[in-house]
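What follows is a short report on a single structure.
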Protein chains: 2
Amino acid sequence: MIDPQAGGLAELAQALADRTRAAVLLALLDGRAWTPGELARLTGVAPSTMSGHLARLTEAGLVAHTAQGRHRYVRVAGSEVAELVETLSSRLDRPLPPVTSLRTANRRRALAVARTCYDHLAGRLGVAVTSALVRTGRVDHTAGRPPVLTGAGEEWFAALGADLDAMATARRPLLRECLDWTERLPHLAGTAAAYLRTVAAERGWVVPVTGTRALRVTPEGEAALREHLGIGPGELTLT
Amino acid sequence: MIDPQAGGLAELAQALADRTRAAVLLALLDGRAWTPGELARLTGVAPSTMSGHLARLTEAGLVAHTAQGRHRYVRVAGSEVAELVETLSSRLDRPLPPVTSLRTANRRRALAVARTCYDHLAGRLGVAVTSALVRTGRVDHTAGRPPVLTGAGEEWFAALGADLDAMATARRPLLRECLDWTERLPHLAGTAAAYLRTVAAERGWVVPVTGTRALRVTPEGEAALREHLGIGPGELTLT
DNA sequence: GATTCCCTTCGGTGGTGACCGAAGCGTCAG
DNA sequence: CTGACGCTTCGGTCACCACCGAAGGGAATC
């Protein structure tokens, strides 16, 4: 065994190498905090089994816990973990053509149009917002460098109601690149992108599709996207 | 088990979830084709065991074989696989501070400065070349879009001796983004980037460090990088 | 054609881990 | 204080798989 990195790589992969743990991580990708009991019911295993899985995921640094009374809440350990899972999933679109049913095809289609990725927007919508922000000069995203807000971008976010000073003090970067597994293109993550998702949800631009991470863009949302960012409805349809 | 994607994700992770298979993939990241026997000796397992591992990696679509006489050559199935492994490794720099020995520390340092990633340049060198190509207007890399060669870039590659027409007909894209696991920034992959590595190797700008994927930049290489791309020697030192 | 070499396939073994039910512990409600 | 609830720990079972040595098949060499 020559390469010392192999051990670490295998260890990380082992944490993901189980149907139940993978399902847990995918469920947590909606950014919400779940209780162990909910996750056990979702995946169809006994609470004791789920407890073991969660211990394993915690040890691997993939999920984090928050104790609250007699409940315990589980969340993804950080945005990097969410991005890691998304990246891994992006390899699955190749050997996935055997669509099992119309229902799963529709679900996948909905996910591809717009969805939540941890705490920001993803899918066709996420990529469209990203390129619109660059196109309108609000984000500077030159190669080899992380994306940054321009002066115009700061004004725009402030007009939306964002407290950029408070957001900038967080350990997490304001903007960050995240590879979109359906679009195969980067979209924006980070506190500013998370704020954008919050605004979109609060103003009713998007509404969650119950039971999945998918989002539906409302007519008000389409109008707002056109008005604020110049995104036409054609940009959100799948080819 | 609600999410049908969980099965695929777990399956892919399982293929990586073994020390020996992980070591194989890391070895193959140098872009060369190895024989099963070489890989068995490298990892210290019996040939029969290695055969099973390779069958497993093949089934997962991670490696490909080429029969040649009584030898069989194994390579990484494609550049996406190499990028996937690099991305996964990028999560390892967090829990890796316990450096086991001076030797591994030096090896890691060498890998961080310059190395091969499948068939292109990576590490500090790869990122420096990437940003220099953008800085000098040879590559256009705006946000949300794959990187593309500009007219000036095409001329530059042609002057280096590249046959861009032939390269463009390949199924693989000319340029492509690849996340660098030491720099945490994208560097360029794709046929054009692969050609650049070939040129650098042929002209003696970089020489491989035997036994690893690391590269050493020669004095001629430093001169060429400054002359062709305006990369100063300071850009290749680690902070 | 026989030999050599590389690799695979085939039994057999040992260790790891996913799973469950039962029991234990802390927290909140009555 | 008592009961209900949510979660974890423990013991035990079963399947899977990493590993090896031995045997077999195909390709090059003599």
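Order of the sequence lines sets the chain letters (A, B, ...), proteins ahead of strands, with each chain counted from 1. Keep in mind it's a predicted model, so treat the numbers as computed, not measured.
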- prompt: So how far is it from B:S89 OG to A:L12 CG, rounded to the nearest 0.5 Å?
  reply: 9.0 Å
Just how far, in rounded Å, is [atom2] of [N] from [atom1] of [X]?
X	N	atom1	atom2	value
B:D18	C:dG17	CG	P	12 Å
B:Q14	C:dT16	CD	C1'	13 Å
B:R19	C:dT16	CZ	P	13 Å
B:R56	D:dC16	CZ	C1'	10 Å
A:Y73	D:dC7	OH	C1'	13 Å
A:E11	C:dG17	CD	C1'	15 Å
A:R41	D:dC7	CZ	C1'	12 Å
B:L16	D:dA18	CG	P	12 Å

Heavy-atom donor-acceptor pair, B:S48 side-chain to D:dG21 base, under 3.5 Å: yes
message: Tell me whether B:E59 at atom CD has more than 12 heavy atoms from other residues, nucleotides or ligands lying less than 6.0 Å away.
response: no
Is the phosphate of [N] approached by [X] (side-chain N or O, under 4.0 Å from OP1 or OP2)?
X	N	result
B:H53	D:dC19	yes
A:T20	C:dC19	yes
B:S51	C:dC7	no
B:R21	D:dA18	yes

task: Please lay out, stage by stage, how B:R197 and B:H120 fare under the test side-chain hydrogen bond (donor to acceptor under 3.5 Å, both in side chains).
output: CA-CA 5 Å; B:R197 191 210 75 168; B:H120 54 271; over 6 Å; no
Salt bridge flag under 4.0 Å for residues A:R213 and A:E86: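 A salt bridge is present here (some side-chain N lies under 4.0 Å from a carboxylate O).
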message: Check this for me: does any side-chain nitrogen of one of B:E83 and B:R176 sit under 4.0 Å from a carboxylate oxygen of the other?
response: yes
query: Using a cut-off of 4.0 Å on non-hydrogen atoms, how would the nucleic acid contact of A:P47 be classed: base, sugar-phosphate, or nothing?
result: base
task: Could you work out which one of C:dC20, D:dC19, D:dC7 sits closest to the side chain of B:V45?
output: D:dC19
Listed nucleotide nearest any side-chain atom of A:P36, set D:dC20, C:dC19, D:dC7: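 Of all the options, the side chain of A:P36 is nearest to D:dC7.
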